[in-house]
Amino acid sequence: MIWLEGVSCLRADGPALDDVTLGVSSGELVVVQGLTGSGKSSLLAVAAGVRAPDSGAVWIAERDIAGLQASSLPYVRRNIGYLPPEPLLIPDETVLENIMLALAVRGEPIDSAEADARETLAMVADSAWEGRMARSLSTGQQRLVALARALVGPPPLIVVDEPASGMGGDDREGIARALVWARDRGCAVLCATSDPSFAQILVDAGGRRVHLEGGRLAGAPAIGLVPTPGGLVGESQPENAESAQAIDSSDRRSSGEESS
Amino acid sequence: MTLAWIVRRARRQSPSQRHALWAAAGSFLLLGLVGGATVLGLRVTRGWMGIMGQSVHVIAFLRDEMEPDQASHLADLLRRGPGVARVRLVEPAEALARLRDAARPSSAGSWLNDLDPGYFPRSIEVALAASPDLPQRAAELSRRLRGVAGVTEVDAMTDGVARLAAWIRFGQRLGWAVVLAAGILALSFLVGTVVRGRDARRRQAQVLVILGETPANIRLPANIALAVAGLTGALAALLVLHLAWPVLLRGVESALGIIPTPAGLFLGFWESAVALLVAPVLGWALGYLSTPVSGWVDA
């Protein structure tokens with residue numbers, strides 16, 4: 001689904017990303033774990049198509065978006081559910097309307113968008129929030145709403161940056177369940193976290209973990225991935241048997257989608 | 001985003017931005033008033049200048065000894081002069097009748113009833129063709145008429161006309177200054193409103209960029225809202241001008257003692273149509289500027 005190849009990004013104090021190569025296939029959940037400042041947010045912003053890399057290629061559905069004209073980017077972005085590190089919501093809109101916006105952009109009819117948004121809000125947060133103005137929510141609640149907006153649909157690629165930041169135990173479990181739900185629906189899910197315990201929850205649920213240190217991927221989990229016309233084939237070994245099963249099943253789903 | 005969504009977005013945004021939208025409509029109203037009043041004002045002053053151009057500029061009062069044939073001959077001679085528009089011989093009876101007409105509204109006119117036309121001299125009124133050097137030409141004609149035998153007195157009316165013309169020209173310049181100041185004020189108000197709205201729309205635009213909305217669709221609700229504000233302001237300006245301008249104009253003419261001019265009472269159909277077209281287009285363009293959208297989002 002997405003293949004980042006030799007991606008580098010610079011910031012004022014040095015490289016934010018240094019020659020990062022990483023792939024996530026459809027039906028796969030990849031957890032990028034790293035400390036604050038390790039380049040996770042830069043990596044996810046590049047993967048979400050909201051930030052241009054200084055070098056390297058970003059292949060989404062067999063297209064290098066780094067080389068696309070600015071006018072073509074929106075058509076890529078509407079297939080990506082992105083939760084930025086700061087939950088960007090429209091403060092003067094209701095929670096439900098904020099979530100519906102993702103579907104509005106994709107041209108879904110208003111009635112079905114409303115139903116989908118309600119369903120996703122109920123899965124991720126609390127249905128009772130739907131009529132509340134976004135500005136009346138706490139930061140944690142805003143993050144959950146922004147996560148619901150990223151998941152609604154769901155789009156083929158989901159990129160979530162620190163979804164569980166500042167969340168309690170129940171919320172973290174709920175977020176993990178929502179991400180697994182999206183993966184099980186065939187989405188490619190890329191999640192960044194600095195929280196090892198949350199990363200472990202996702203790994204236990206079949207996610208594949210990669211470590212980011214100083215803008216470079218540590219270890220070799222992503223190196224063996226190569227793009228193919230039907231998606232990505234992973235050669236790396238999952239951390240546990242469940243993960244292996246999950247990836248196998250996702251590959252089977254990918255193959256099934258291909259043949260259909 | 002489909003049209004249904006865009007209309008929904010525009011409608012949902014309107015309540016939170018109603019102050020900004022009313023302010024924008026008010027700015028358009030002010031701009032419309034300034035523009036409309038400028039067009040009408042120019043037309044009115046041209047009308048006033050035209051009336052002044054038709055006025056009598058020189059009056060030559062004739063001696064009683066001058067025979068009617070001689071007076072007619074002098075009038076014929078004057079008609080042939082260069083730059084002379086009209087010449088009229090006014091008999092004493094007509095002069096008295098005019099005086100009675102002028103005095104009729106007041107009680108002072110009663111003593112005129114007993115007056116004999118013989119008290120009034122015969123006179124020749126000369127109107128010169130309008131031109132920038134009219135005062136000089138009138139003064140020159142007056143000088144020559146004073147040297148004519150049979151002419152007892154010459155009244156060069158040009159002094160008053162020139163003074164009035166100078167006042168009108170001064171009024172025009174003052175009007176332009178007021179128009180300029182009001183135009184700048186209205187535009188500043190409009191731009192200020194748009195800039196304030198820009199900050200409010202920035203976050204919304206960021207959200208929509210991330211969600212994959214096209215820049216054109218992100219701007220569309222603001223385009224629509226400000227175009228509607230422009231149309232509303234233009235309609236209100238046309239209505240105010242239609243109702244208030246004739247009253248104001250007649251008041252000014254009455255206060256200045258100017259003969260009412262039919263010119264510049266109302267804006268024409270095409271002028272109104274242009275205003276109703278330009279204001280929404282300008283609003284649409286301002287809507288474009290009021291929503292900051294970038295291709296890539298700075299991380």
Side-chain angles (χ1 to χ4, degrees), chain A residues 9 11 16 39 41-46 48-53 65-66 68-94 97-111 113 133-134 146 149-150 152 155 159 161, chain B residues 1-24 193-194 196-226 287-299:
Chain A
C9 287
R11 60 183 169 205
S41 293
S42 298
L43 177 66
L44 265 64
V46 169
V50 299
R51 180 177 177 178
I65 64 163
L68 285 180
Q69 288 184 335
S71 59
S72 301
L73 288 171
Y75 303 99
V76 175
R77 287 181 190 141
R78 64 185 57 170
N79 290 300
I80 303 170
Y82 176 47
L83 170 67
E86 292 301 321
L88 265 178
L89 298 177
I90 299 175
D92 294 327
E93 275 296 2
T94 62
E97 191 71 18
N98 266 287
I99 299 170
M100 285 168 70
L101 272 180
L103 300 170
V105 169
R106 294 172 208 155
E108 192 168 315
I110 294 173
D111 290 344
M133 287 290 166
R149 188 183 61 197
V152 71
V159 178
D161 196 348
Chain B
M1 205 177 274
T2 60
L3 185 63
W5 275 109
I6 288 165
V7 171
R8 178 187 166 97
R9 296 288 315 133
R11 287 178 60 185
R12 289 187 70 89
Q13 284 173 27
S14 298
S16 63
Q17 294 171 3
R18 66 178 178 275
H19 295 302
L21 289 176
W22 278 116
T193 304
V194 167
R196 277 199 300 277
R198 196 177 157 85
D199 290 338
R201 289 191 177 96
R202 189 184 302 277
R203 187 179 179 88
Q204 185 168 312
Q206 280 178 332
V207 171
L208 289 169
V209 164
I210 284 172
L211 295 178
E213 186 52 282
T214 59
N217 279 356
I218 292 172
R219 293 184 177 110
L220 213 44
N223 290 139
I224 293 170
L226 283 171
Y288 184 90
L289 297 174
S290 76
T291 316
V293 182
S294 58
W296 293 98
V297 180
D298 293 331

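All of these numbers come straight from a predicted model, not from anything done at the bench. Every chain is numbered from 1, with letters handed out A, B, ... down the list of sequences.
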Legend entry - Test item: B:Pro215 and A:Ser71 side chains (from C-beta on) under 4.5 Å apart, heavy atoms: no
Legend entry - Sidechain N-carboxylate O distance under 4.0 Å for A:Glu97, B:Arg9: yes
Inset, instruction - May I ask you to name which of A:Ala113, A:Ala146, A:Pro74 has the most heavy-atom pairs under 4.5 Å with chain B? - result: A:Pro74
Inset, instruction - Heavy-atom pairs under 4.5 Å with chain B are the metric here; pick the option from A:Gly107, A:Ala104, A:Pro91, A:Ala150 that has the most. - result: A:Ala104
Inset, instruction - Using a 4.5 Å cut-off on heavy atoms from C-beta on, say whether the side chain of B:Arg8 contacts that of A:Ile110. - result: yes
Legend entry - Minimum side-chain heavy-atom gap A:Asp92-B:Gln204 below 4.5 Å: no
Inset, instruction - Pick one of side chain, backbone, both or neither for A:Pro85, based on which atoms fall under 4.5 Å of a heavy atom in chain B. - result: neither
Inset, instruction - Identify which part of A:Arg149 has an atom lying under 4.5 Å from any heavy atom of chain B, answering side chain, backbone, both or neither. - result: side chain
Legend entry - Smallest separation among heavy atoms of A:Leu89 and B:Arg203, with atom names: O-NE, 2.8 Å
Legend entry - CG-CD1 distance between B:Leu208 and A:Ile90, expressed to the nearest 0.5 angstrom: 5.0 Å
Inset, instruction - For residues A:Val105 and B:Leu211, report the shortest heavy-atom separation together with the two atoms involved. - result: CG1-O, 3.3 Å
Inset, instruction - I would like to know whether A:Glu108 and B:Thr2 meet side chain to side chain contact (heavy atoms under 4.5 Å, CB included); could you show each step before the answer? - result: CA-CA 8 Å; A:Glu108 192 168 315; B:Thr2 60; over 6 Å; no
Legend entry - Test item: B:Thr214 and A:Arg78 side chains (from C-beta on) under 4.5 Å apart, heavy atoms: yes
Legend entry - Side-chain heavy atoms of A:Val50 within contact of B:Val209, under 4.5 Å: no
Inset, instruction - Look at B:Glu213 together with A:Arg77 and state whether they make a salt bridge at an N to O cut-off of under 4.0 Å. - result: no
